[in-house]
Amino acid sequence: MDFTIATRTFANSNVLAKPTELNSDFSFKEGVVEGALPFKETTAGWHGYIPWHDRPEWIALAKEILDAAQKAQVESPFKAGQKAYDDQTAKCNATGGIVGTRFSEYFMRLGPVLYHWPAESWETVRREKSKNMQHVLSFPYNGEATKEDIVKDVITPNPLHFVRNHGNIPIIDADAWSLELTGLVNDPKSITFAQLKTTFPLKTITCTIVCSGTRRKEQQLEALGEFDELINAPWTEQALGTAKWTGVTLKTLIDYCGGMKDNATDVEFYGADTYFKRNKPDNYIVSIPIRKMEDTIIAFEMNGEPLAAIHGAPVRAVVPGYIGARSVKWLYRVKVLPHPSLAPVQSEEYLYFTHQTGKHNYKWSDGFQIGGMPISSAIMSPKNGEVVYHSGKVKVTGWAYTGGSENWVERVEVSPNAGADWYVVPREGITAKYWHAWRLWSVEVPTPAEGYLDFTARAWDANMNTQPTLVRDGWNWDTHVTNSCHHIQIYSVNISNPATAARLALLHKHNTPFEPVHRPLTFDPEEEGAYLEKIRNGEIRRDPVE
């Protein structure tokens, strides 16, 4: 996926200009507001960061500009460089991703400082991620590895680790970075990157980070959900990745601040990226309960390498067992609160609603905030729709994961007949247990049947939880957390069946491929005269005798 942006020269640079009056009429040229705007980068060495959360007057002005453009239906400044739809309904049945046209518009309409950030972020993707990545959303960038790549090893190579961004990709100089530790701590502090690496004991954990949208496409194919301001991208089964993360535990840093005050309940993380909700920009902000402090890592290395920009450099949070949305990238502030974060990501998104909640009746207060991820699994091979040639057994591979605490994947089972019979993955066919990481598995499933078969996988965790049977059992308005039994359909060709082997030999003799399976034979399946003679002499009866 690629796109280009029509560049434009601006008179005002990235300095504090005379603010535009909040209630003035805005003029637009090429879809971008004209006139001096106050939005700017305020910290040297922090490119792509605007302190929205600390400047509510900037948020109000940006919303007024975007509201005015929307109301006036001002032509988009975004120029797509390829044919693509920016409509989830049209794309959910197609292979490939979505061009984030309207998300790019939010940035580009706000003048010179933000104008090029969508294009710059895409260049970071091209520079830091594998060419094999499947691009689910171009901006904010969402991408996952292929089915083949994701299960090659328990540890996901950095260029293949999934990416779920909510805005632009900041480029922050580690030497200029600092982390503010504030809120309900007894002694607020600020630490530098050098202090983080050298002052505190370091910890490395093996942790799988999973997007709550993993396998979302299965829900979307069954029933669409809300298309919110940050589009519910049609993830398949690879929106996750496992890495060895090195850093300092959050509890260590809170203890460095003299601990917390008695009324502390949650810890809020601030990311430097710009995030929009209903035309209002803000920084990316979420929280976790204080009980997660001991296993949460404030990380600066990923698989022994410094974090790449696309994965949150120089420092990010890694929250084991929780949805990836809580592992904030480009971390610059940690704030202890007496309640969960009130920012929209936490309070208005990543909510789980009941099956009967939707556009007709939902309220934010009806949903609960998604934290720990439930047990889930997925088949990576064979692929859905694949023709599989075998000798009575089909080799099936995949992954299994569970979140939370004091929990792990205990067992995986595969069924060749939609759940009528289950075959357990043997001990030698599944990777080692980790507290916070997935297990990869492989099993040969007895499959005497031929034709279209429904192969299904399910996993069990250490607390005896398993997966819901059907996708619709877990459908929800925001289409989060698809953890039902994973189903694929294959076309089984059992070459140990003499009749099947004979037919394949005949196809080979006629130099005719077997696939696609729906293409008719180019020759008669049996000798026509002999077949008709059987009907004539009564060997084959089409009607009852009486």
Side-chain angles (χ1 to χ4, degrees), residues 1-10 12-14 28-34 37 39-41 46-52 58-59 62-63 65-66 69-70 74-88 91 96-129 133-143 163-172 227-233 271-284 308-313 329-330 345:
M1 178 180 293
D2 206 349
F3 64 81
T4 58
I5 292 180
T7 58
R8 155 147 197 225
T9 302
F10 293 88
N12 51 336
S13 60
N14 184 25
F28 294 87
K29 184 177 181 182
E30 298 180 20
V32 182
V33 70
E34 292 286 287
L37 294 172
F39 318 135
K40 70 166 189 172
E41 297 167 342
W46 291 52
H47 177 57
Y49 165 62
I50 291 178
W52 296 106
W58 289 9
I59 294 175
K63 177 172 170 52
I65 291 170
L66 296 177
Q70 184 175 325
V74 175
E75 184 179 357
S76 170
F78 179 88
K79 306 297 180 185
Q82 67 171 56
K83 286 184 78 175
Y85 298 100
D86 187 25
D87 182 87
Q88 187 165 306
K91 291 299 289 181
I98 305 167
V99 175
T101 304
R102 60 190 171 97
F103 313 116
S104 299
E105 289 177 1
Y106 297 147
F107 287 79
M108 299 175 69
R109 291 198 194 282
L110 296 183
V113 177
L114 289 81
Y115 187 88
H116 294 287
W117 288 3
E120 291 177 3
S121 292
W122 180 247
E123 288 305 312
T124 301
V125 173
R126 296 179 65 176
R127 183 172 60 251
E128 295 185 348
K129 300 306 294 182
M133 288 291 284
Q134 296 180 163
H135 307 308
V136 181
L137 178 63
S138 65
F139 185 79
Y141 182 69
N142 287 216
V163 178
R164 197 281 191 251
N165 287 343
H166 295 80
N168 64 303
I169 302 174
I171 306 296
I172 301 173
F227 305 164
D228 69 2
E229 291 251 346
L230 202 53
I231 197 166
N232 285 330
D273 45 333
T274 291
Y275 156 88
F276 285 88
K277 185 69 174 178
R278 292 186 304 283
N279 288 347
K280 288 196 301 185
D282 205 340
N283 302 109
Y284 185 82
I310 200 167
H311 288 295
K329 292 177 280 192
W330 310 290
V345 182

Side-chain (S121) to main-chain (N168) donor-acceptor, under 3.5 angstrom: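 Such a contact is absent between S121 side chain and N168 backbone.
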Who passes side chain to side chain contact (heavy atoms under 4.5 Å, CB included) against A62, sequence neighbours left out?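 Applying side chain to side chain contact (heavy atoms under 4.5 Å, CB included) to A62 gives F39, W52, L110, P281.
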Please enumerate all residues that pass side chain to side chain contact (heavy atoms under 4.5 Å, CB included) together with A313, with sequence neighbours excluded.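 A313: side chain to side chain contact (heavy atoms under 4.5 Å, CB included) contacts with L307.
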Rounded to the nearest 0.5 Å, how far does [atom2] of [Y] lie from [atom1] of [X]?
X    : Y    : atom1 : atom2 : answer
T274 : Y49  : OG1   : OH    : 9.5 Å
I59  : K63  : CD1   : NZ    : 11.5 Å
I50  : D282 : CD1   : CG    : 12.0 Å
W330 : I172 : CH2   : CD1   : 8.5 Å

Once side chain to side chain donor-acceptor pair (under 3.5 Å) is applied, do any residues pair with [X], and if so which ones, sequence neighbours excluded?
X    : result
Y284 : none
E128 : none
N142 : none

Charged N to carboxylate O under 4.0 angstrom, R102 versus E105?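 No.
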Is the closest side-chain heavy-atom distance between [X] and [Y] below 4.5 Å?
X    : Y    : answer
V113 : E41  : yes
V125 : V163 : no
K329 : N165 : yes
H311 : K129 : yes
F28  : E75  : no
H166 : F103 : no
E120 : E123 : no
W58  : P51  : yes

What's the shortest heavy-atom distance between [X] and [Y], and which atoms?
X    : Y    : result
I65  : R109 : CG2-O, 4.1 Å
I169 : A309 : CG2-O, 3.7 Å
G271 : N283 : O-CB, 3.2 Å
P118 : M108 : CG-CG, 4.3 Å

Residues T124, Y141; criterion side-chain contact (heavy atoms from CB on, under 4.5 Å); working and verdict: CA-CA 10 Å; T124 301; Y141 182 69; over 6 Å; no
Could you list the residues that satisfy ring-ring contact (aromatic ring centres under 6.0 Å, His included) with F107, not counting sequence neighbours?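 For F107, the residues satisfying ring-ring contact (aromatic ring centres under 6.0 Å, His included) (neighbours in sequence not counted) are F139, F276.
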